[in-house]
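Each remark here refers to the structure printed beneath this line.
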Amino acid sequence: MRTNISAALSAVVLVLLAVLVPLSALCAWVDLEIDNPDRYVAAVEPLASDPGVQDTMSNLITDEATRQIDAGLLQGASGDFLYGAVRSFTTTDAFRSAWVAANRTAHEAVTAALNGENGEAVRMDLAPVMQQAKQNLVDSGVPFADGFPVRRTDITLLSADRADQLRQTFRPLRAGGVWPAVGTLVFAGAAVLVAAARGGPGRRGSALAALATTAVVGLGFALGALVLRGAIAVARNRVLAGVSGSDRDGAAAVYDALTSSLRTAVWIVLAAGLAMALCAVFARMWAGRGSARHEPATHGTGSGHPTPLTAKGPVPGNGSGYDR
């Protein structure tokens, strides 16, 4: 009966940790990175050098220039030259600065949308990037570049429906902050302490029970890390499924950059959980062997079995023939 209860409790601990670990990681990620403008910008800033992002931005700027300038002037070789010049601009420090400024503004827009009550599409204005691109094109001697009017050019980052979905998902995560992670650690520690208190008689029994529960806790952390990794992969596929083929590489780079800290947390928690479980298993095996080595030393003296000094009957050498 006691074994069945212990197995049931171990299963409960495993399931709870498989849920609490990814939930805690997501809450901390939203609180510490997504809601923090400096960390958000620091995460996306390196994307200015990503080829997928550079291609996407080059296509956007070239298409906008084609719409705003006489299309007949940009056909054939001139259009190809314009794209090449814009693509070259995306490798400069000026593009990096414009990219950072645009993303800082975009973060403000996304945060405002997630804090709002009704769904509004989230857009990013490419005008700062296009102004830098125009200046670079003029300096490079691109024909008609000086006639390229820079207007507010919005690209949709989140549709109204998607913004509503994210708001419903992010609101409880933002409310949790880092406290779910603290609660998960407290729960894991409490599970080990309760197991030690309910363990077998003596210190050795308590230690063995605590080690067994520590192994279960470690496996729970590892399982939770795998659940989180799967959730990240599923969400990535869903996000990219709504992106057109030409922009998919850029969108994938942005998603991977924003979830980089989550993926790092997955490997850290997975490694720590497996190491905890293995160490606890080996320690319990060693303690069990130590207990087995001590059994023969006590057997026959305190176990109730008769010995020459406790057995009834005549004692050799006692002439009276009576027991002592």
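Of the possible polar contacts, none joining the S260 side chain to the D256 backbone as a donor-acceptor pair under 3.5 Å is found. N103 contributes no side-chain N or O that, together with a main-chain N or O of A106, makes up a donor-acceptor pair within less than 3.5 Å. The backbone N or O of S88 sits nowhere less than 3.5 Å from a side-chain atom of T92 that would complete a donor-acceptor pair. Side chain of Q54 to main chain of A48: a donor-acceptor pair is present (N/O by atom type, distance under 3.5 Å, no hydrogens or angles). Put simply, the side chain of R39 gets close to the backbone of L32: a donor and an acceptor are under 3.5 Å apart. Looking at W179, its side chain never comes within 3.5 Å of a backbone N or O of C27 through a donor-acceptor pair. In this structure, S206 contributes its side chain and A196 its backbone to a donor-acceptor pair below 3.5 Å. Side-chain atoms of T111 do not come within 3.5 Å of backbone N or O of E108 as any donor-acceptor pair.
Residues forming a ring-ring contact (aromatic ring centres under 6.0 Å, His included) with Y40 (at least two apart in sequence, or on another chain): H107.
Contact check for V129 versus W99: no side-chain heavy atoms found under the 4.5 Å cut-off.
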Quiz item: Run the side-chain hydrogen bond (donor to acceptor under 3.5 Å, both in side chains) check on R96 and S49 step by step: do they pass?
Solution: CA-CA 8 Å; R96 179 180 292 274; S49 302; 2.5 Å; yes
Quiz item: When you look at T56 and D249, which way does the side chain to side chain contact (heavy atoms under 4.5 Å, CB included) test go after all the steps?
Solution: CA-CA 8 Å; T56 299; D249 290 342; 5.8 Å; no
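Under a cut-off of 6.0 angstrom, the local environment of CG in D93 is sparse, with at most 12 non-hydrogen atoms contributed by other residues, nucleotides or ligands.
Relative ring orientation between F170 and W29 is described as tilted, the plane-to-plane angle lying within the 30° to 60° band.
For the side-chain contact (heavy atoms from CB on, under 4.5 Å) test with L26, the passing option among D31, L228, V21, I232 is L228; the others fail.
In this model, a donor atom of one side chain and an acceptor atom of the other lie less than 3.5 Å apart for T90 and R87.
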